[in-house]
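Taking it in order: structure first as structure tokens, then the write-up.
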Amino acid sequence: GAEGSTLMSYFSKKQIQALKPKITFSTLRDLECPVLQSNELQGKPDESCSTEELFEWLGAVLNQVSLNNKSSSFLSTYCCPQPNTMVEKAFLCTITGFIIPEKIIQLLEQLCCYFGEPKLAYWLTLTVHGFADSPVSWRESEHGFHKGGENLYNFVIFRNLDYWLQMAVGTNDDCPP
């Protein structure tokens, strides 16, 4: 309506432009992946990894940390938790930008459809990481942006469509209901 055209003319005078999210694809080769069981949140020795181990491993993979545990680099001596399996190819898609909740739900639904056809993968993940200075807060607490700004959640979807929801919020933030 009229308000929209006035708003657009305001932004055009200020040389502000709309940006589309940046999408990057990469293939990770010969990646050690944790063995997970959808019904074992705590993991079982020699059978499956826990949710915490997965979350830590996923952070290392998404930040491209070397997982070879060689002490020569001293930047990281992290390795994949046990038990694990070698995956010949893993696909990583990163979308950077402002993404509305409806698009995240749509992406999650599309990922669930992945298991509709026979696939080799036992699980997949969708991680949504908010901006550190996001105004998002839960309940009555202010978002702890000045303390670290942690603001993310991760879905782990299994072949049987069970899922885990992992969330990370700052020390001053409440967990969502």
Side-chain angles (χ1 to χ4, degrees), residues 22-96 99 104-132 134 136 138 144 147-177:
K22 177 184 167 191
I23 302 173
T24 57
F25 297 95
S26 57
T27 302
L28 307 173
R29 301 214 179 264
D30 300 322
L31 179 67
E32 284 184 303
C33 293
V35 172
L36 304 175
Q37 297 293 329
S38 65
N39 59 347
E40 290 296 334
L41 297 173
Q42 302 303 317
K44 278 191 176 176
D46 300 322
E47 287 184 30
S48 63
C49 295
S50 70
T51 57
E52 291 88 2
E53 290 172 316
L54 170 74
F55 202 60
E56 186 174 66
W57 172 84
L58 192 58
V61 170
L62 295 176
N63 286 292
Q64 301 173 351
V65 171
S66 173
L67 302 176
N68 61 16
N69 199 26
K70 291 184 180 173
S71 61
S72 60
S73 99
F74 291 103
L75 291 176
S76 171
T77 57
Y78 182 79
C79 61
C80 185
Q82 294 289 333
N84 59 46
T85 185
M86 182 65 72
V87 173
E88 187 178 313
K89 263 196 284 191
F91 297 102
L92 176 63
C93 173
T94 305
I95 304 171
T96 306
I99 304 161
I104 294 170
I105 292 168
Q106 187 179 23
L107 220 108
L108 188 59
E109 289 170 349
Q110 289 299 309
L111 287 172
C112 289
C113 291
Y114 173 83
F115 293 116
E117 300 173 23
K119 304 286 185 199
L120 297 177
Y122 291 99
W123 53 268
L124 52 84
T125 67
L126 171 67
T127 302
V128 179
H129 197 285
F131 298 105
S134 170
V136 171
W138 303 104
K147 305 278 185 195
E150 295 86 356
N151 174 17
L152 67 101
Y153 57 93
N154 179 59
F155 281 97
V156 182
I157 306 156
F158 293 91
R159 191 183 281 179
N160 63 0
L161 297 183
D162 283 352
Y163 70 92
W164 295 346
L165 174 59
Q166 301 169 301
M167 304 173 110
V169 295
T171 51
N172 289 350
D173 294 337
D174 276 339
C175 284

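Excluded from the calculations below are hydrogen atoms, water molecules and symmetry mates; all remaining heavy atoms, backbone and side chain alike, are included.
The residue from P34, C33, P81 that alone fulfils the side-chain contact (heavy atoms from CB on, under 4.5 Å) condition with L54 is P34. For the side-chain contact (heavy atoms from CB on, under 4.5 Å) criterion with F155, the lone passing option out of V128, T125, L108 is L108.
No side-chain heavy atom of L111 sits under 4.5 Å from any side-chain heavy atom of Y163. Within the 4.5 Å cutoff, the side chain of L62 has heavy atoms near those of the L92 side chain. You'll find the side chain of L107 reaches within 4.5 Å of the side chain of I95, heavy atoms only. A 4.5 Å side-chain heavy-atom check between R29 and K89 finds at least one atom pair inside the cut-off. Using a 4.5 Å heavy-atom threshold, the side chains of C93 and I23 count as touching. Using a 4.5 Å cut-off on side-chain heavy atoms (C-beta onward), F158 and W164 make contact. The shortest side-chain heavy-atom distance between V35 and Y122 does not fall under the 4.5 Å cut-off.
F91 contributes atom CZ, which lies 12.5 Å from atom CG of L124 (distance to the nearest 0.5 angstrom). Of the inter-residue distances, the one linking D162 atom CG with I157 atom CD1 reads 11.0 Å to the nearest 0.5 angstrom. Remark: K44 NZ to S50 OG distance equals 14.0 Å, nearest 0.5 Å. The CG atom of L41 lies 13.0 Å from the SG atom of C49; values are rounded to the nearest 0.5 Å. Rounding to the nearest 0.5 angstrom, the gap separating the CD atom in Q42 from the CD atom in Q37 is 14.5 Å. Distance check: L126 CG to L165 CG gives 10.5 Å after rounding to the nearest 0.5 Å.
In plain terms, the two heavy atoms of C112 and L161 that are nearest each other are O-CD2, 3.8 Å. G59 and N63 make their closest contact through O-ND2, 2.8 Å (heavy atoms, listed as atom of the first residue, atom of the second, distance).
Of the possible donor and acceptor atoms, one in the side chain of W57 sits under 3.5 Å from a partner among the backbone N and O of E32.
Summarising the local packing, CG of D46 is surrounded by 12 or fewer heavy atoms from other residues, nucleotides or ligands at distances under 6.0 Å.
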